[in-house]
Structures are given as C-alpha cells and as structure tokens.
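Written out below as structure tokens is the structure these notes cover.
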Amino acid sequence: MIAPPPLTLAPEVAAALRDGRAVVALESTLITHGLPQPWNVETALAMEAAVRESGAVPATIAVLGGKITVGLTRAEIERLASLPVGRVRKCSRRDLPIAVARGEDGATTVAGTMIVAHLAGIRVFATGGIGGVHRGAQFDVSADLLELGRTPVAVVCSGAKSILDLPLTLEVLETQGVPVIGLGTDTLPAFYARSSGLPVDVRVDSTAEAAKIIAAAVRLHAQHGLLVTVPVPAKDALPTASMEDAIRRATTEAAEKDIHGKAVTPFLLTRVAELTDGASRRANIALLVNNARRAGEIAVALAALG
Ligand code: PSU
Ligand code: MN
C-alpha cells in the first residue's frame with residue numbers, strides 16, 4: 001500500500017476540506033523571493049484577509065523544517081519572511097523532495113504550490129503572475145507551465161509576469177492543454193499592465209462563470225490545470241511604455257551579470273521595482289490582493305456546485 005503524502009494541515013483548513021467548504025491555496029515564494037520586507041508579510045496577510053472576506057478559508061503553503069505545511073500561522077509567515085533569502089529553498093517540482101528529505105525551510109513557487117494544493121484536495125490557488133518563457137532565452141521555460149499541464153488546480157493570476165515573453169508563454173500553455181480564461185477581459189493581462197493585447201481562450205464576466213468551467217474540467221477528469229486571468233486594478237496599473245523600458249533594462253543587466261536559473265525572476269522583479277521607483281511593486285501588491293479576493297469568490301462558487 002502507498003502511504004498518504006506527509007502533509008501538515010492547519011486545523012481550520014482540514015475542517016473546511018472535510019466539510020467541502022471553499023479553500024484557496026496561496027504560495028510562499030512571493031514572501032521570500034518576490035517582495036522585500038515589510039511588504040512581503042503585509043501582502044501575505046492582506047491576501048489571506050481578502051480570501052476570508054470572500055467567504056473562503058486561506059491556506060498559505062510552505063515547507064517548514066522539512067514539513068509540507070498547508071495553512072501557515074501568522075507567526076510562521078513572519079518567520080519565513082524574516083529569513084535571509086539564501087536560507088530558504090525556492091521549491092518548484094524538482095526541489096520539494098530535497099527540502100523534505102533534508103528538513104529544510106522551503107518556499108513553494110506556483111508549480112510547488114499546485115502540487116501540494118492538489119495533494120491536499122484544494123482546487124483553487126491565487127498568485128500574482130505565473131512563470132513563463134524568458135525573453136531572449138527560449139529554453140528557460142518555467143516549471144510552472146509544465147505543472148499547469150499536469151496538475152488539476154485552477155490558478156487565479158494576472159497572467160505571466162511581464163518580464164517574460166508572453167506570446168511564447170501562451171504557445172507553451174496551448175501545447176500543455178491549459179485553458180486560459182479572462183475574467184472581465186478579452187486579452188491576457190500583462191501583470192503590471194492590464195493588457196498584453198494577446199487573446200485569451202474565453203472571456204467570462206463573473207466568478208460564477210469561471211467556477212462552471214473549473215467544475216466541467218473536474219467532471220471531465222481533466223488531469224491539467226486552468227488559468228483564470230484577472231487584470232491589475234486600473235488605479236494601480238503601470239503605463240505599458242515605462243514598464244517596458246524598465247523591463248528591457250533589467251533584462252539586459254541580468255544577462256550582463258550572468259544571472260541564471262531560479263535567480264532570474266527575483267533579480268528582475270527587484271530591479272524593475274527600483275527602476276520604476278516602487279510603482280511596479282505597488283502594482284504587484286494590488287494585483288496579488290485583488291486576485292486572492294477573486295479566487296475566494298471562485299472557490300465559494302465552486303463549492304456550491306458540489
Ligand atoms: N508572482 C508574484 N511574485 C513572485 C512569483 C509570482 O507576484 O515572486 C513567483 C512564483 O512563485 C512563480 C515564480 O512560480 O515567481 C517563477 O519563478 P521561475 O521563473 O524561476 O520559474
Ligand atoms: Mn527559469
């Protein structure tokens with residue numbers, strides 16, 4: 001017999017899952033690698049509050065001393081946020097067994113969080129932007145895209161981070177069989193900006209409609225994920241031109257500094273925030289909290305569909 005996966009569930013999360021109530025998974029890489037202090041803790045807590053206001057239970061996921069934990073306490077979020085970046089393993093699919101076996105602290109990426117959410121029975125997950133295909137490095141394809149192709153969790157996000165090559169990212173999602181849904185939009189959001197100009201597969205105008213598509217995928221025994229994309233709130237969006245300038249400069253610097261692998265995304269996010277005087281960070285935080293709210297609504301609608 002295969003033993004059940006070793007997960008530590010917060011009592012509130014375990015109770016909600018047992019009763020079939022709405023739960024939303026939240027990731028932890030944005031706490032350790034995506035946002036600097038003190039915004040990382042504030043944003044993680046604001047996302048949890050937004051999920052609750054929608055009527056769902058938040059479950060922030062991380063590896064704590066080798067234990068895969070679903071539903072961090074406030075103290076655990078604060079501890080993770082205060083650790084030096086080098087002390088926390090950025091956990092995508094390949095990293096989870098390493099962090100578990102070695103008793104490490106690990107922050108889960110979109111891919112890592114999807115894996116754990118699925119093991120726990122959580123079907124909806126909110127984040128900022130997924131990883132994708134990097135600009136000028138077409139073989140640097142985020143494991144997030146392949147995970148979406150093989151793990152049945154709905155990821156509510158503002159598209160892929162605009163530091164990426166968005167047309168190529170959409171091509172890989174198509175190859176992986178991942179439906180891209182636009183919530184109130186015909187085009188893929190561009191993370192800091194509201195639109196990339198690239199079409200989504202389908203537009204829905206309510207969270208209930210999005211939940212119907214997720215429920216249909218469940219009935220079809222789909223083994224892949226879905227992307228529900230939500231544009232950054234208009235008042236916090238970055239103008240496309242200034243965003244593009246900052247991204248181009250940061251991308252050139254990353255190449256000059258020979259930055260590779262899992263260090264690329266954290267470097268670009270930090271550099272773009274510096275180059276835009278914090279405007280990109282404000283947009284990032286606003287979209288994270290907004291996406292958590294919409295994910296909560298979707299999870300509630302999905303729970304009502306049974
Ligand atoms: N969304 C954000 N900030 C982030 C991330 C997403 O607003 O820092 C993280 C996610 O955890 C995502 C990761 O999985 O960036 C992508 O990293 P890579 O390109 O190395 O796969
Ligand atoms: Mn990468």
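First listed ligand is number 1; within each ligand, the first listed atom is number 1.
- Remark: ligand 1 atoms within the under-4.0 Å shell around heavy atoms of F191 are 7 (O).
- Residue L287 does not touch ligand 1, judged by heavy-atom distances below 4.0 Å.
- S280 places no side-chain N or O within donor-acceptor distance of the main-chain N or O of T276, the cut-off being under 3.5 Å.
- V24 has its side chain out of reach of V57: every pair of non-hydrogen atoms, C-beta onward, lies at least 4.5 Å apart.
- Considering backbone and side-chain N/O atoms, A111 never comes within less than 3.5 Å of an N/O atom of ligand 1.
- Near T109, meaning under 4.0 Å from any of its heavy atoms, are these atoms of ligand 1: 11 (O), 14 (O).
- Residue D144 places at least one N or O, backbone or side chain, under 3.5 Å from an N or O of ligand 1.
- For I130, no heavy-atom contact with ligand 1 is shorter than 4.0 Å.
- No side-chain donor-acceptor contact under 3.5 Å links K90 to the backbone of T109.
- Under 4.0 Å is where a charged nitrogen must lie from a carboxylate oxygen, and between R203 and D186 at least one such pair does.
- Hydrophobic clustering of Ile, Leu, Val, Met, Phe, Trp and Tyr side chains at less than 4.5 Å, counting indirect connections, unites L168 with L188.
- Cluster membership check: F125 shares its hydrophobic cluster with L227, using side-chain heavy-atom separations under 4.5 Å among Ile, Leu, Val, Met, Phe, Trp and Tyr.
- Here the N, O or S atom of D140 that is nearest to the Mn ion (ligand 2) is OD1.
- Considering backbone and side-chain N/O of V110, one or more are found under 3.5 Å from N/O of ligand 1.
- Among the atoms of K161, some N or O lies under 3.5 angstrom from an N or O of ligand 1.
- Counting heavy atoms only, K90 comes closest to atom 20 (O) of ligand 1 of the residues H33, K90, E27.
- Comment: D105 does not engage R89 in a salt bridge, judged by the lack of any side-chain N to carboxylate O separation of less than 4.0 angstrom.
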